Amino acid sequence: MLESKQMTRAVLAWLGLGSNLGDREANLRFACERLARTPGIAVEAVSTFRETAPVGGPPQGAFLNGAVRIATTLSPPALLAVQKAIEREAGRRADGPHHGPRELDIDLLLYGDATIDTRELVVPHPRLRERSFALDPLRELGVDPGTIPRRESPRVIRDPAEFAAHCDALRRGGCRLGLVPTMGALHEGHASLMRRARADCDRVAATIFVNPLQFAPHEDLARYPRPFAADLALCAREGVALVFAPSVEAMYGKDFISRIAVGREAVGMEGAVRPDHFSGVATVVTILWSLARPDFGYFGQKDAQQLAVLRRVHQDLRLCGAIVGCPIVREADGLAMSSRNVYLQPEDRRAAVVIVAALREARARFLAGERDAERLVAAARERLAGEPRCRAVDYVELRAPDDLAPLPKGPIGPARLLIAARFGDPATRLLDNARVDVDEVLAP
Ligand code: AMP
């Protein structure tokens, strides 16, 4: 009686199987047989096995992947315990390298139409939709990808202590947490950071905070765009679990006084034009970092000097995890994406692409053999000067590619050219940069 009652409550679940160590096919077969022998599990269908290239982790051999459909009376945690036991029996070591080669991987991809988000288990599997090695066998077993339950919109948190507690929860069970700090008005540049974070980490937290400490009194703090609903939709699309969007009062209590002092990396360029800017950036990022304690934090190369400053702060203050710099995302005509591009009138927007032309000019000359820094800078400046809508050039500088240290005298080697120029009225400052010594993609 009990038996039949349990069977009526059986849930259909789909498990992904993978192996790239030992006799791969035998390992997958062993998994199927062993599942079939487990009380509370009936194996209903097994997909074909297919060879796939490894995704992420250290260099390793190709996988053999498949999937099984089971009817089970086991709860998700009980099923997970069975999966782990079978992986161990197949020879998989618990202390093997993270995402390294393995005899057997059993993932709970789908459990009925449940969405599960606990410290041990996230179902549907967080990256299921992007992973053809998991999706293709599921299709073969009759799963329509359109019916896979969607994960919920990100949770929005306004309170710093609550943000810290939720990040703790996201990190539990060995999950890697990625942090993407932003000021909102999100575009594909921000989305690229989130995608990179999703690829590296199990969970992603984004922050949306227009940080007053990094604006000077005459700057655009009040008019900075704040399209929160659209920002949230973008975060949802990119699989962000948590969005921290505090008020200024919640971030900085009324007696807030402390600042992170910044040094060499903040001297010159943006630091010269915006004297307190980097101290304000460093302060907010340090606060966000200590609340979230991420495994990785993602920043755009678009703001190269900011990245250099933050790398230094991260190292000096011995913050946890690591900083990841991400490539610049550009519009179709090459202009670097920026939340401030919306300030530009159409003619100024069109004219602004001269910044990219100036970067390309310097790079072309470097690649043609020019090694004199002054002449390369002059060539870029000349390009900018040829555009009447460019109202002012704040700087054009050649620096070391990553830490942006000033270049030694004499013929230059690898270098990055950084430009800030103003367009429109009131003027909008646009920043861009590119290596001059490598053929980075700078659109046509
Ligand atoms: P913001 O919201 O402007 O403070 O930018 C948040 C993060 O997104 C920073 O790390 C920026 O460098 C990065 N970012 C902004 N624009 C781009 C872009 N076009 N490509 C890549 N990253 C970007």
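One-based numbering, in listed order, for ligands and for the atoms of each. Only a predicted model underlies this, so the values are computations on that prediction, with no experimental measurement involved.
At distances below 3.5 Å, not a single donor-acceptor pair connects side-chain atoms of Asn20 with backbone N or O atoms of Pro101.
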message = Between Glu219 and Tyr224, is the side chain to side chain donor-acceptor pair (under 3.5 Å) condition met? List the steps.
response = CA-CA 9 Å; Glu219 290 181 342; Tyr224 198 85; over 6 Å; no

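Of the listed options Gly300, Pro181, Ser192, Gly184, Pro181 places a heavy atom closest to atom 6 (C) of ligand 1.
Short contacts between ligand 1 and Phe299, defined as distances under 4.0 Å to a heavy atom of the residue, involve ligand atoms 10 (O). Close approach of ligand 1 to Asp303 (heavy-atom distance below 4.0 Å) involves ligand atoms 11 (C), 12 (O). Every atom of ligand 1 with a heavy atom of Ile328 under 4.0 Å away is listed here by number and element: 20 (N), 21 (C).
With Phe63 as the aromatic partner, Arg131 does not meet the cation-pi criteria of under 6.0 angstrom to the ring centre and within 45 degrees of the ring axis. Taking the centre and axis of the six-membered ring of Phe366, the NZ or CZ atom of Arg435 falls outside the cone set by 45° and 6.0 Å.
With sequence neighbours left out, the salt bridge (charged side-chain N to carboxylate O under 4.0 Å, His left out) criterion links Arg195 to Glu188, Glu238.
Distance from atom 5 (O) of ligand 1 to its nearest protein heavy atom, with residue and atom name: His190 NE2, 3.4 Å. The closest protein non-hydrogen atom to atom 20 (N) of ligand 1 is Val329 N, 2.8 Å. From the protein, the heavy atom lying nearest to atom 23 (C) of ligand 1 is Lys302 CB, 4.0 Å.
At under 3.5 Å, a nitrogen or oxygen of Met337, whether backbone or side chain, sits near a nitrogen or oxygen of ligand 1. Considering both main-chain and side-chain atoms, Thr182 never comes within under 3.5 Å of ligand 1 through any nitrogen or oxygen pair.
A pairwise comparison of heavy atoms in Thr207 and Pro181 identifies OG1-CA, 3.1 Å as the closest pair.
At a 4.0 Å heavy-atom cut-off, ligand 1 touches His187 through the side chain alone. Contact annotation: for Pro327 versus ligand 1, heavy atoms closer than 4.0 Å belong to the backbone alone. Under 4.0 angstrom from ligand 1, there are no non-hydrogen atoms of Ala185. With a heavy-atom cut-off of 4.0 Å, Leu193 touches ligand 1 through its side chain alone. Of all the heavy atoms of Met183, the ones lying under 4.0 Å from any atom of ligand 1 are found in both the backbone and the side chain.
Sorted by first and then second residue, the side chain to side chain donor-acceptor pair (under 3.5 Å) pairs with a member in residues 407-417 read Arg416-Asn433; sequence neighbours excluded.
At a threshold of 4.5 Å between non-hydrogen side-chain atoms, the residues Leu317 and Trp289 do not count as touching. For the pair Met194/Leu234, a side-chain contact is recorded, criterion being any heavy-atom separation below 4.5 Å from C-beta on.
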